[in-house]
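This report concerns only the one structure given below.
For the single chain, residues carry numbers from 1 onward in sequence order. Computed from a predicted model, the values in this text were never measured in an experiment. Atoms within a ligand are numbered from 1 in the order they appear, just like the ligands themselves.
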Amino acid sequence: MTEHVRVRFAPSPTGNLHIGGARTAIYNWAFARHHGGEFILRIDDTDKERSTDENTTQILRAMRWLGLDWDEGPEVGGDAGPYYQTQRGKFYAEALETLKANGHAYPCFCTPEAIEAKREAARSESNFWGYDRTCRSIPRDEALARAKAGEPHVWRVKVQDELGDITINDAIRGEVSWPVNVMDDFILVRTDGSPTYMFATVVDDWKMGITHIIRGDDHLSNTPRQIAVYQALEAEIPTFAHMGLIFGADGKRLSKRHGATSVESYAEEGYLSEALLNYLSLLGWSIDETTTLFDRERLIAEFDLARVSNNPSVWDPEKLEWMNGVYIRELGDEGLAQRMVPWLIEAGLLDAERAADRHEWLLELAPLISERVKTMSEIAPMVTFLFADEIVIDEASREKVLAKEGAGRSLDVAAQLLEALDEFSAEAIEAALRSIHEITGVKAKIAFQAVRVAVTGTAVSPPLFESIALLGRERTLARIIAARPSSAL
Ligand code: GLU
């Protein structure tokens, strides 16, 4: 492809960035990066009642978190701005002037009541009803004069029937065609002068020089009307690419019913942005039959609309979780030690100022947990015992483990052995605790479990000997002593 590519992601800030929107953004971004073109972010905030600045802020934040940098748009600027539809009134007014001049739009003075009455009549005969073009036949000079004099009116597109059926060569779906005669002269500009979605979108895409419109196939039905607007403006029609939507496992379109759907909720749950990016990329696109894991460079290198599916894809939270676990393991000790810091600070376990001093210690902690967590939010609860001065032993473990015969004796011996160690390393601790069995005759498993519950507070924890080494001798001994059944009395 030699054409210079310009694509856009145009969310409406009526909610936060959700999974489906994020995937649309990713595909546009990857397409632009693959072709060395521009990725533009535009905020479609014409719905003034439902659009909020807060949603816009969230969308931008979620885009940045996913690493989807935009070349033009809010906070970045660009030559084709402004990038908020509410600030683009001048372009819609100009486009309307173009249509007035070329005659491809006309003012319509029919009252909403008159239109509703005709629609009702058609409905009772169960006929398709589009606007019946009453005002199309008003002589042009008269119509313009009435509009100018302030008579309430909307502006309608004059669909160019003579151009015939509307056909696109969708980059994903192939040829799609609509008969021109099912299209009515729909509204471009409302009585209050505001543009409709159909009009604003086309004017913006045109003025911004968008070459490819890549979006969900819920917009396919808008396409013929948008093409009618391009034709009216005598503007070049971009390439359309409509991808299949994302469905839940129940075959219904993904929604809140299927659990978390916003990108930020996944960030908060401890998904890594690179894992979510990888997973979302695969919802409707693939490199080949087998490749599941790839980084953003590979995504950019391989992205191709020809491999995007027009079938719905199924949201699979378990696969996402699995993938996140893989990515966490792939961070390595250094990466995980760094990435867990904000989670430990957030949980109140680590002081932001002291995080750097603890780096070596966190490096030792990383391998103990990397195999055990699938999300970053699981880390803090799993390692709280290493940070807290005192722990609370959960009742179930106390009853099941510490009350067992031999548990108390094991703890007594463990305390003596650990106190006597020269070097408080994982190896030395392991050797010491293994000898409890020889000394007391208590089964190794019972002894280990008793120590584990005493030291960590629960029967499930990261590897015991390493954990004890990280905890340090003083706190370990204090906990073992406190947990002895005799101490409880
Ligand atoms: N603002 C529209 C939406 O959020 C964008 C429509 C389009 O991609 O053409 O659905």
| query | Looking at atom 8 (O) of ligand 1, what's its closest protein heavy atom, distance included? | reply | Arg8 NH1, 2.7 Å

| task | Please write down residue, atom name and distance for the protein heavy atom closest to atom 9 (O) of ligand 1. | result | Arg215 NH1, 2.6 Å

Angle between ring planes, [X] versus [Y], binned at 30° and 60°: parallel, tilted or perpendicular?
X: Tyr92; Y: Phe199; result: tilted
X: Tyr266; Y: Trp315; result: perpendicular
X: His242; Y: Phe240; result: parallel

| task | Considering non-hydrogen atoms only, spot the tightest contact between Ile213 and Pro238 and give its length. | result | CD1-CG, 3.8 Å

| request: May I ask you to identify, for Arg42, whether its side chain, its backbone, both or neither come under 4.0 Å of ligand 1 on a heavy-atom basis? | output: neither

Is it the case that ligand 1 has an N or O less than 3.5 angstrom from some N or O of [X]?
X: Gln226; result: no
X: His219; result: yes
X: Ala10; result: yes

| Check ion pair Glu75-Arg64 (N to O, under 4.0 angstrom) | yes

| message | Check this for me: does any side-chain nitrogen of one of Asp141 and Lys148 sit under 4.0 Å from a carboxylate oxygen of the other? | response | no

| note | Per-atom filter on ligand 1: closer than 4.0 angstrom to a heavy atom of Asp44 are 1 (N), 2 (C), 5 (C)

| query | Within less than 4.0 angstrom of ligand 1, does Tyr197 place any heavy atom? | reply | yes

